[in-house]
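We name chains A, B, ... by the order of the sequence lines, and we start the count at 1 in each one.
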Amino acid sequence: MPELPEVEVVRRGVEAHVVGRRVDDVEVYGARVTRRYPPGPMDLAARMRGATVVDARRRGKYLWLVLPDDLALVVHLGMSGQLLVERHDAMAESHLRARFTFADGDPELRFVDQRTFGGILLADVGPDGIPLPIAHIARDLLDPDLDQPAVVKRIHERSSAVKRVLLDQQVVSGIGNIYADEALWRAGIHGERLASALTKPSISRLLDHTREVMTAALEQGGTSFDSLYVNVNGASGYFERSLEVYGQQGRPCSRCGTLIRREAFMNRSSFSCPRCQPRPRRLAR
DNA sequence: CTTTTCTCCTGTATGC
DNA sequence: TGCATACAGGAGAAAA
């Protein structure tokens, strides 16, 4: 599942293969992929024709292509979205949702999404450089302008499970289920501990661990695109072998040997070490 | 206002 | 073998 490191790998691929090129046409397949863009696919295509891609940017799990006139094509990969750079005559994927062709010919850019939890939309960019529809998304842990003490304070003020807060993109963005579990294991904190019951230094260390695990994943995922394929399989690809807890139930913890457990949380799964990350006595949900 | 639950989607794995 | 069910989970709407 694409979280910050995977989306950053995609952004770099788009930056390398698409920035500086002029859009020739856009074809959208099905209505769902543009559901967050009420004017619809015809309008989106019309506004993009002839526009030169100026930049490829990212915040959290969102990425966007900067277009002239303070316009941006915002892309979210959702659960299963991919941006692929391919020859025009390459066979259409069964879940091809949008195709962007360029005035200089091959390659083209495709948005492919099996479950269509992801989507694309056009939006104006605000004075801060962020597309208006995602202005509510908080800075992520790789953002040099992130005010970490302020984030620590916000987390400390929340009366909810700390993992739930980590996953809240309006507090700090880019963290999904995989890296939340990995970071909590590194920090030795059970995700159901009450955020407000943690000390501020321990919350700050947890954020440091999160940043470190994402950086490590990015370094491994960053090697996997070199041709025309913009990889979004970081979670199931190179970094998978480095996962300490996510999906590792029944295997020994690399620190203490206790078997990793799997628990239900927020209608999902959480993975942790029973010894390194003891459950709190009073549950925070 | 804050916090939690529900919903969207489809390929894959599992159970009877 | 076949059918039903569970599961993966990001994000926003809706509910509490």
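Proximity of Tyr179(A) to the phosphate of dG10(C): no side-chain N or O atom is located under 4.0 Å from OP1 or OP2. Distances shorter than 4.0 Å separate some side-chain N or O of Gln169(A) from OP1 or OP2 on dA11(C). For the OP1/OP2 pair of dT2(B) and a distance below 4.0 Å, the side-chain nitrogens and oxygens of Arg164(A) include no atom meeting the criterion. Between Ser80(A) and dC9(B) there is no side-chain polar atom (N or O) within less than 4.0 angstrom of OP1 or OP2.
Note: Glu244(A) CD to Ser254(A) OG = 3.5 Å, rounded to the nearest 0.5 Å. In this structure, Asp24(A) CG and Met48(A) CE are separated by 11.5 Å, a value rounded to the nearest 0.5 Å.
When the P atom of dT14(B) is taken as reference, atom CD of Gln249(A) falls 11 Å away, rounded to whole Å. As a whole-Å value, the separation of Asp113(A) CG from dG11(B) C1' is 12 Å. One can place CG of Leu77(A) at 12 Å from P of dG10(C), the figure rounded to the nearest angstrom. Between Leu167(A) atom CG and dT4(B) atom C1' the separation is 14 Å, expressed in whole Å. Between Met79(A) atom CE and dC7(C) atom P the separation is 14 Å, expressed in whole Å. The CE atom of Met266(A) sits 16 Å away from the P atom of dC7(C) (whole-angstrom rounding). The interatomic distance linking Arg268(A) (CZ) with dC6(B) (P) rounds to 12 Å, in whole Å. The interatomic distance linking Asp168(A) (CG) with dT2(B) (C1') rounds to 11 Å, in whole Å.
Comparing dA8(C), dG11(B), dT3(B) against the side chain of Ser160(A) picks out dT3(B) as the nearest. Out of dG11(B), dA11(C), dG10(C), the shortest distance to the side chain of His95(A) is found at dG11(B). The nucleotide whose nearest atom lies closest to any side-chain atom of Arg32(A) is, among dT5(B), dT3(B), dC8(B), dC8(B).
The local environment of CZ in Arg35(A) is crowded, with over 12 non-hydrogen atoms from other residues, nucleotides or ligands closer than 6.0 Å.
Within the 3.5 Å criterion, the main-chain N or O of Thr116(A) finds a donor-acceptor partner in the side chain of Arg32(A).
Remark: Arg59(A) is not positioned above the aromatic ring of Trp64(A), lacking an NZ or CZ atom under 6.0 angstrom from the ring centre and at most 45 degrees off the axis.
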**Request:** Decide side chain to side chain donor-acceptor pair (under 3.5 Å) for His88(A) and Glu108(A); before the verdict, give the C-alpha distance in whole Å, the side-chain angles of both, and the deciding distance to 0.1 Å.
**Result:** CA-CA 6 Å; His88(A) 182 65; Glu108(A) 64 182 24; 2.6 Å; yes

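For dG12(C), the base has no donor-acceptor partner in the side chain of Arg35(A) [N/O atoms by modelled type, under 3.5 angstrom].
Comparing Arg97(A) and Glu157(A), the nucleotide of DNA chain B nearest to each residue sits closer to the 5' end for Glu157(A).
Under the 4.5 Å side-chain heavy-atom criterion for ILVMFWY residues, a single connected hydrophobic cluster contains both Val54(A) and Leu109(A).
At a non-hydrogen distance threshold of 4.0 Å, Arg115(A), Phe117(A) from residues 115-136 of chain A come into contact with DNA chain B.
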